[in-house]
Amino acid sequence: MEEAGAPHFPFPYQPYPIQEQFMQALYGALEHGKVGIFESPTGTGKSLSLICGALSWLRDHEEKRRQEADRLLQGDGGTSLSISSSLSTTTSSTPPSSSAEPDWITDFVQKKAERDFVSKLKDEELRRKKREEHLEMIRNNSQLKYALKRKSCEDDEAVKLLQLSKDPQEGELNNPEEELIVAEYESDDESKTKNKFCGGDDDDEDDLLEEHVTKIYYCSRTHSQLAQFVHEVQKSPFSQDISLVPLGSRQNMCVNEEVRRLGSVQRINDRCMEMQKNKHDQRPKEVEGGKRKRGAPKAVCPYVGAQGLQTLRDTVLGAVRDIEQLLSLARETRSCPYYATRLAIPPAQLVVLPYQTVLHEGTRRASGVQLKGQVLIIDEAHNLSDVLSCIHSSELTGAQLCRAHSQLAQYSERYRSRLKAKNLMYIKQILFVVEGLVRVLGGKVGQNPHSQTTQPVTELLTINNFLFKAQIDNINLFKVQRYFEKSMISRKLCGFIEKYAGTGVTSHTQTSHTQTANKENRRTEGLNRYLQTLQSSQQPDTESPPGQQGAAEERELAASPMMQVEGFFMALTNANTDGRVVLHTQGNVAVSSMKFLLLNPAVHFSQVLKDCRAVIIAGGTMQPVSDFKQELLFSAGVGAERIIEFSCGHVIPPENILPIVLCSGPSGQELEFTFQNRDTPHMMEETGRVLSNLCNVVPGGVVCFFPSYDYSRRILENWDASGVLARLSSKKKIFQEPKKANQVEKVLNEFSRTIQRCAVDAGTLSGALLFSVVGGKMSEGINFSDDLGRCIVMVGMPYPNIKSPELKEKMAYLDKNLPHSGGRSPGQALIENLCMKAVNQSIGRAIRHREDYACIVLCDRRYSRPATLAKLPDWIRAHTHTHTSFGPAFASLRRFFMEKKKQQQL
């Protein structure tokens, strides 16, 4: 029996009780504007529960708003009272006026507010009806005709749609070199004044810029996970009614093969922006005598056109498609999916996008993502803190600094006579700062960056101390950062390098222009010589083949390192307490580096939490939660009353899982893989005996996780010499995690085929054994369901390297800024949490659906500690058994698989 007023959740099948509980909790969190932490193991239908719960709330929320608007717009006698009530609700936080106003003034103000409120409601209702009718026409595949207002030609309209306005100072230029010149830099106040008086027609803007409707932003870690989520939406009952837009990077969404072949993200982005600008600059210019003069022909993208973008945008909104389906459609229609999806964001109800796009403010702004009053769902959020820290951290090498300084100096020298004074001033400031950064690394601008300078040393500094050390504390980095953003000097410099790097100008110039070419060559001689010096000084110990190595070097040299310098400048504008700078001097400037380490990810997450109506942080394994809340939510200013937690069990019956903590091996050797004793022959041999016994009784696949690549190599070498590997290979075929990511799929396919063959042949081999590493290529996102993962073995505890200067500083920061609890300092808790998060992700590779079953063996007596057990997921911890000796543990394993075999034979 459903309770009165309880929300209804459409579902493709009868949901499990835990799915109903999940959706109820999610609905309540969205309705009351909460920050929810939702934990739901893989195999419990988490994605479908998120979809149905969130879209049910969105459906009801829009219906409530519609009913409220209809009620307020009714022409009965209660309208005025209703509007007054709504106005008083929205203005309740406004303090009353200190002076008493006459009644007629109060009445006049009240009536005007009511009229304005009604007018606003009518406008919103009209826009909503137009939007719904338009989407309905799209879904019915009606022939659409657009009557957009055009101020000039179609190219102008495309530029407005893409929001790629040309700087008014640049004008119409015939010289292709003009695009490399930085326009006159304006202050913020000047820009605002000019925009106010130089803006376009208001009606045009209304046509081109749509209002953002209430929507849900869903983000996850990888494009494959986003595609899987979209497929779940397609299977849901909402697939025909929801307008979904998938967002991605240019690298993933570009359909122009000429641009895609460039490979690197930076080169693709720069080429795309250049082609859009070229399209705008193609128009002829009137000159004296009535003749038209065109500039040099420039490459433009054939996939960007106003009508094509509009059509593709509407097609995206009309049906649910993932990125691959969208790319196929874009190639057929010859329209750009990257820009079309950006145009589709305002009217969309569900936007699917990667982590970085929504968690980085600059990327968010550039993509047109507006979080104000919207719902954000962050899936696979177990490493959210690490993701935030990584996104907002930055690293620079000495070679990049030297290259950036040389390029910018050459640029400034070449265009000195054509740059405004304010541009030259900021360029000099950037050069001054870069020189200071090079000095910090023990070098000097102008000398060979590969020459020996200092002894290898690692130093960790606060931001202020770093600025003092570099002698750049007198530079206002905030103003420099604004100059980077407004002038786009990094992109201008990238175009400058593309134009002049390499063999020089003379090889592409005709003989009749020899003098001009020689003059141009002299201007860039220093730059070319410096680039060639760097290219010839590359380190020879690379694994790339000769041809690929040269291509990689060419791409690296062509790309502007000023992009990385700009990112590092932005990092240095963080508060002094929120980050540190780590200096690694390695003997010469070229290989030395500096890294900004963000210690307080909450400072960048706080704006997201503040803007959004509700934030849902979801994952298959979110434990440990307490420290996650403290570091990321409480530190961001979120009160405890706004946070709710929901953790559900697994859909599998309890008898389908057998978690074991193994404290000792078959010979009685205690299993404790500390740094001091894990390399002893006795410990390695005992681990081999444990694994041999497990392979005797476990059918199908066994996946064994080691704490690090280094330990995996050492223990396998020991087993190879002692004959343990030979014994294991007589029972199961052995596989190892590959070193290269592109070989993972091949290994997994062979691993799967071996297990399938062994199940059919019933020969001497009972399956396969896969050696992997915690935190490696197979510890996340890999599905070892059914026979692929009947047993997960965790050898030791994968604690991080506590000697790392970055980790030491993070621990010190937490100890200083977070409260101590539970007898452990926040820094010590961080070490334990990093370890157990990695363990939970690895052991979660098995048990992927309701009928699945597996055993989990934790080989280390330290797992039996209550504080450590408490950090396991609830659905695993509740069934975990600790065995101090090997015999009872082995007996329970044998019994577990014998019972499963009997059930399958029935």
Side-chain angles (χ1 to χ4, degrees), residues 37 39 381-390 393 458 460 462 577-580 582 597-603 605 619 621-636 640 643 645 661 663 670-678 705-708 710-711 774-775 779 794-843 858-874 876-877 880 882:
I37 302 175
E39 182 181 47
H382 57 276
N383 59 348
L384 180 59
S385 179
D386 297 334
V387 169
L388 282 163
S389 297
C390 182
S393 294
T458 298
L460 196 142
T462 65
T577 57
D578 291 336
R580 298 291 183 270
V582 184
L597 176 67
L598 181 67
L599 299 177
N600 181 20
V603 71
F605 196 48
T621 302
M622 293 300 297
Q623 294 295 332
V625 172
S626 58
D627 302 290
F628 174 87
K629 290 191 299 182
Q630 188 66 57
E631 181 184 0
L632 210 52
L633 300 183
F634 295 152
S635 297
I643 301 173
E645 297 179 44
V661 175
C663 299
E670 188 177 68
L671 299 177
E672 186 173 6
F673 294 85
T674 61
F675 186 77
Q676 291 77 17
N677 63 9
R678 66 181 183 180
F705 286 98
F706 295 110
S708 68
D710 185 54
Y711 188 65
V774 176
S779 61
M794 182 66 58
V795 177
M797 299 187 72
Y799 284 107
N801 180 15
I802 60 174
K803 295 183 180 180
S804 163
E806 291 93 341
L807 186 56
K808 282 184 177 180
E809 192 62 27
K810 179 74 171 180
M811 293 172 65
Y813 173 84
L814 295 178
D815 288 342
K816 182 178 179 181
N817 293 279
L818 297 187
H820 293 233
S821 62
R824 282 179 173 265
S825 70
Q828 292 172 324
L830 172 68
I831 298 296
E832 186 84 12
N833 292 342
L834 290 174
C835 170
M836 292 309 296
K837 280 182 181 178
V839 169
N840 290 339
Q841 284 302 308
S842 297
I843 63 180
L858 305 174
C859 295
D860 198 307
R861 73 174 189 85
R862 291 174 293 176
Y863 283 110
S864 63
R865 297 179 302 201
T868 303
L869 282 174
K871 297 181 186 297
L872 289 171
D874 292 340
I876 293 179
R877 182 178 65 249
T880 301
T882 299

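Scope of the values below: all heavy atoms of this structure, side chains included, with no hydrogens, waters or symmetry mates.
Across all their heavy atoms, Lys629 and Ile37 have their closest contact at CG-CD1, 3.5 Å. Ser389 and Leu598 make their closest contact through OG-O, 3.7 Å (heavy atoms, listed as atom of the first residue, atom of the second, distance). Taking each heavy atom of Ala602 and Glu631 in turn, the nearest pair found is CB-O, 3.6 Å. Closest heavy-atom contact between Met797 and Asp860: N-OD2, 4.0 Å. Of all heavy-atom pairs between Leu807 and Asn801, the closest is CD2-O, 3.4 Å. Closest approach of Lys810 and Leu599 over heavy atoms only: NZ-O, 2.7 Å.
In this structure, CZ in Phe705 is found 10.5 Å from CD in Gln841, a value given to the nearest 0.5 Å. Separating the OG atom in Ser635 from the CZ atom in Phe605 is a distance of 12.0 Å, to the nearest 0.5 Å. Put simply, CG on Leu597 and CG on Asp578 are 11.5 Å apart, with the number rounded to the nearest 0.5 Å. If you take OG on Ser825 and CG on Asp815, they are separated by 4.0 Å, rounding to the nearest 0.5 Å. Atom NZ of Lys871 is separated from atom NZ of Lys837 by 10.0 Å, given to the nearest 0.5 angstrom. Atoms CG and CD, on Leu814 and Glu809 in that order, are 10.5 Å from each other to the nearest 0.5 Å.
Counting heavy atoms from C-beta on, the side chains of Phe628 and Asn833 never come closer than 4.5 Å. Residues Tyr863 and Val839 have side chains in contact (heavy-atom distance under 4.5 Å, counting atoms from C-beta outward). In this structure the side chain of Arg861 never reaches within 4.5 angstrom of the side chain of Val661, judged on heavy atoms. Side-chain contact between Ile876 and Asn840 is absent, with no heavy-atom pair separated by less than 4.5 Å. Residues Leu388 and Leu632 are in side-chain contact: their nearest non-hydrogen atoms beyond the backbone lie under 4.5 Å apart. The shortest side-chain heavy-atom distance between Arg678 and Pro707 falls under the 4.5 Å cut-off.
Side chains of Ser804 and Glu806: a donor-acceptor N/O pair is present below 3.5 angstrom, by distance only.
In this structure, Arg580 contributes its side chain and Leu460 its backbone to no donor-acceptor pair below 3.5 Å. Checked by atom type and distance alone, the side chain of Asn677 pairs as donor or acceptor with a backbone atom of Glu672 at under 3.5 Å.
A salt bridge does not link Arg862 to Glu832: none of the charged side-chain nitrogens sits closer than 4.0 Å to a carboxylate oxygen.
For Phe706, the ring pair (Phe, Tyr, Trp, His ring centres under 6.0 Å) test picks out Phe771, with sequence neighbours left out.
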